[in-house]
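All remarks here apply to the structure that follows.
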Protein chains: 2
Amino acid sequence: MTPATLPTTRTKKGEQTKAHILETALTMFRERGYEGTTMRAGATEAGVSLGNAYYYFESKEHLIQAFYERSHLDHLAACADALENEVDLRNRLRAVIRAKLSTSMPYHRFSGLLFKTAADPRSPLNPFSDESTPLRRESTELFAEVVRGSSARIHPDLELHLPKLLWIYQMGIVLFWIHDTSPGCDRSYRLAERTVDLIVQLIKVANFPPMRPITRLALNVLADLEDNAALSATPDRSDQRQDSDDEE
Amino acid sequence: MTPATLPTTRTKKGEQTKAHILETALTMFRERGYEGTTMRAGATEAGVSLGNAYYYFESKEHLIQAFYERSHLDHLAACADALENEVDLRNRLRAVIRAKLSTSMPYHRFSGLLFKTAADPRSPLNPFSDESTPLRRESTELFAEVVRGSSARIHPDLELHLPKLLWIYQMGIVLFWIHDTSPGCDRSYRLAERTVDLIVQLIKVANFPPMRPITRLALNVLADLEDNAALSATPDRSDQRQDSDDEE
DNA sequence: GTCTATAACCGGATAGAC
DNA sequence: GTCTATCCGGTTATAGAC
């Protein structure tokens, strides 16, 4: 799918055009929102024709996919410091979630629309889609790093699933944030703060003998999910293509 | 907004027309999917003009709102029996979640699109919107009934929040189900089965003394959320209207 | 063969006549 | 309440230019 980047020929001819279109679009999304930015306006603003914009981006949604990727890089950069210097699990996780919110703030309005398309199983944008696999893997890898670099003693079976769980947890926080209209999204930050504490506590007690049966039950559910598809990071369902909605 | 139904004059003039349009649309959604059903086709099939359809339903999405309501009634009917005759919390909850999936099955494809719009904070469809408040209240009330009629001994503070938590849990299951492509959606049923067990276990141990600090922490988070808006069933933010996406 | 542009098409939504 | 005529924006077909 994604061919290796050629040595010196990178940014060949239209690579710049593509980048420019994306840049323009992202700016406009920030300023006028997603729906407020028409493909026509975006193309014009970028100095290209409508058809040309579609040459580089299959659909308007694919601009969002590009946004996701950039957004993730911002996120990585924003929490790199904490991940290097902090060993306490709670602080690490907190820094990562905070960074997620902070880096997303400029796109608060935009992100609503984003989640909208993200929830559609047929959209290439949805976080569980094949097309999102690489990014999903990178995102869970971030949480793997959160766990790995921490001083916390974690049940090995749990540690296996923790990155994915934390990734889903982050999605929950983001979903809340999207609906958050409090000034500065303070409520989201507070929720994040408190739920991080809660999660860290839960991780600790998972080891606690009387909790073991429940922990085991939970891990079984996760293992079961892993065996199949859907939430798995290694999907084996490249054959299932639902192209159209019609069937007549 | 919704005026009380007048005594004898119900089904006045176009009430039937409205009902007929909805009926037609729902059938077509089931048969051809949401996107596969154009407003034009729906109107034509129902024997009215496009403009007329829009007279009764503000937007295509508003047809979904109507679907939600019907869907909830189906759900209620499907679990009424179990709720009357069963006292075991696990069985009650299991019956309700199972019923949710079963009654939703005919709309599996449709529901994907449904969640799509549901995730948009600006959509009247989103489960947290003012417009959805009545239905949200009814849905959580169902889970309140699940808890209330059970023989389980539940920490009073927890019992207060449990209905809403279970409602959110159900949304999670539905979200999984939407992405579930396994035959008969078996994976969703199994996930539901197992997570119901898990939840019931967690409710039990919440009372367990060593778990108390964590339970308290969790309840604090919930109480905090309740004090503000967003997930609350009593929104005090009727002043925040985000009509358009443009701002130039 | 890589890029760019113009002219449609299609479907959700609105305006305004009857 | 019901219609027709239009708008508007995502998307596609297609024809050329480099």
Side-chain angles (χ1 to χ4, degrees), chain A residues 3 5-6 9-22 24-25 28-29 32-67 110 113-114 116-117 120 122-125 243-246 248, chain B residues 9 11-22 24-25 28-29 32-67 110 113-114 116-117 120 122-125 243-246 248:
Chain A
T5 48
L6 298 175
T9 333
R10 224 193 124 231
T11 322
K12 285 191 294 189
K13 329 199 170 176
E15 280 285 338
Q16 292 189 320
T17 314
K18 176 166 182 173
H20 183 229
I21 293 172
L22 176 59
T24 309
M28 291 178 82
F29 287 162
R32 303 144 66 145
Y34 181 70
E35 314 231 274
T37 306
T38 71
M39 287 298 280
R40 281 168 178 82
T44 307
E45 180 76 18
V48 299
S49 75
L50 178 61
N52 199 205
Y54 273 97
Y55 176 79
Y56 289 108
F57 296 92
E58 241 177 88
S59 76
K60 197 178 179 185
E61 293 194 354
H62 279 77
L63 284 166
I64 308 190
Q65 181 74 303
F67 162 77
F110 171 42
L113 271 295
L114 185 152
K116 166 173 171 162
T117 52
D120 177 3
R122 269 190 275 282
S123 168
L125 271 181
D243 297 312
S244 170
D245 207 338
D246 313 73
E248 298 265 24
Chain B
T9 334
T11 321
K12 285 192 293 189
K13 323 189 177 183
E15 281 284 339
Q16 292 188 323
T17 313
K18 177 166 182 173
H20 183 228
I21 293 172
L22 176 59
T24 309
M28 291 179 81
F29 287 162
R32 303 142 67 145
Y34 181 70
E35 314 230 277
T37 306
T38 71
M39 287 298 279
R40 281 169 177 80
T44 307
E45 180 75 18
V48 299
S49 75
L50 177 61
N52 198 209
Y54 274 98
Y55 175 80
Y56 289 109
F57 295 93
E58 241 176 87
S59 76
K60 198 178 179 184
E61 293 194 354
H62 279 77
L63 284 166
I64 308 189
Q65 180 73 304
F67 162 75
F110 170 41
L113 271 295
L114 186 153
K116 165 174 172 163
T117 51
D120 177 4
R122 268 189 278 282
S123 168
L125 272 182
D243 297 312
S244 170
D245 208 340
D246 313 72
E248 299 264 23

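What's counted below: heavy atoms across the whole structure, side chains too, no hydrogens, waters or symmetry copies. Bear in mind that the values here come from a model prediction, so they are computed numbers and not experimental data.
Separating the NZ atom of K60(A) from the C1' atom of dC8(D) is a distance of 12 Å, rounded to the nearest angstrom. Look at CD1 on I64(B): it is 11 Å from P on dG12(C), rounded to the nearest Å. What separates OH of Y54(A) from C1' of dT2(C) is a distance of 21 Å, to the nearest Å. Computed from coordinates, the M28(A) CE to dG10(D) P distance equals 11 Å when rounded to whole Å. Y55(A) has its OH atom 9 Å from the C1' atom of dT4(C), to the nearest Å. Rounded to an integer number of Å, the gap from CD of E15(B) to C1' of dT2(D) is 16 Å. If you take NZ of K18(A) and C1' of dT4(C), they are 16 Å apart, rounded to a whole angstrom. Distance OH (Y34(B)) to P (dG12(C)): 8 Å, rounded to an integer number of Å.
Toward the 5′ end of DNA chain D lies the nearest nucleotide of R40(A), the other residue of the pair G51(A) and R40(A) mapping further downstream. For S49(A) and S59(B), each mapped to the nucleotide of DNA chain C holding its nearest heavy atom, the one lying further toward the 5' end belongs to S49(A).
At the heavy-atom level, T38(B) lies under 4.0 Å from the strands shown only through sugar-phosphate atoms.
For the residue pair L22(A) and A66(A), the shortest heavy atom distance occurs at CD1-CB, 3.6 Å. Heavy-atom minimum distance, V48(B) versus A53(B): CG2-N, 4.4 Å.
Remark: Y56(B) is in phosphate contact with dT2(D), judged by side-chain N or O atoms under 4.0 Å from OP1 or OP2. Taking side-chain N and O atoms only, N52(B) has a distance below 4.0 Å to OP1 or OP2 of dC3(D).
Comparing dA13(C), dT4(C), dT11(D) by their nearest atom to the side chain of T17(A) picks out dT4(C). Checked against dA13(C), dT4(C), dT11(D), the side chain of L50(B) finds its nearest nucleotide in dA13(C).
T37(B) places a side-chain N or O within donor-acceptor distance of the main-chain N or O of M28(B), the cut-off being under 3.5 Å. Judged by distance alone, with hydrogens and angles left aside, the side-chain atoms of K60(A) form a donor-acceptor pair with the main-chain N or O of Y34(A) at under 3.5 Å.
Residues H62(A) and Y56(A) are not in side-chain contact: their nearest non-hydrogen atoms beyond the backbone lie 4.5 Å or more apart.
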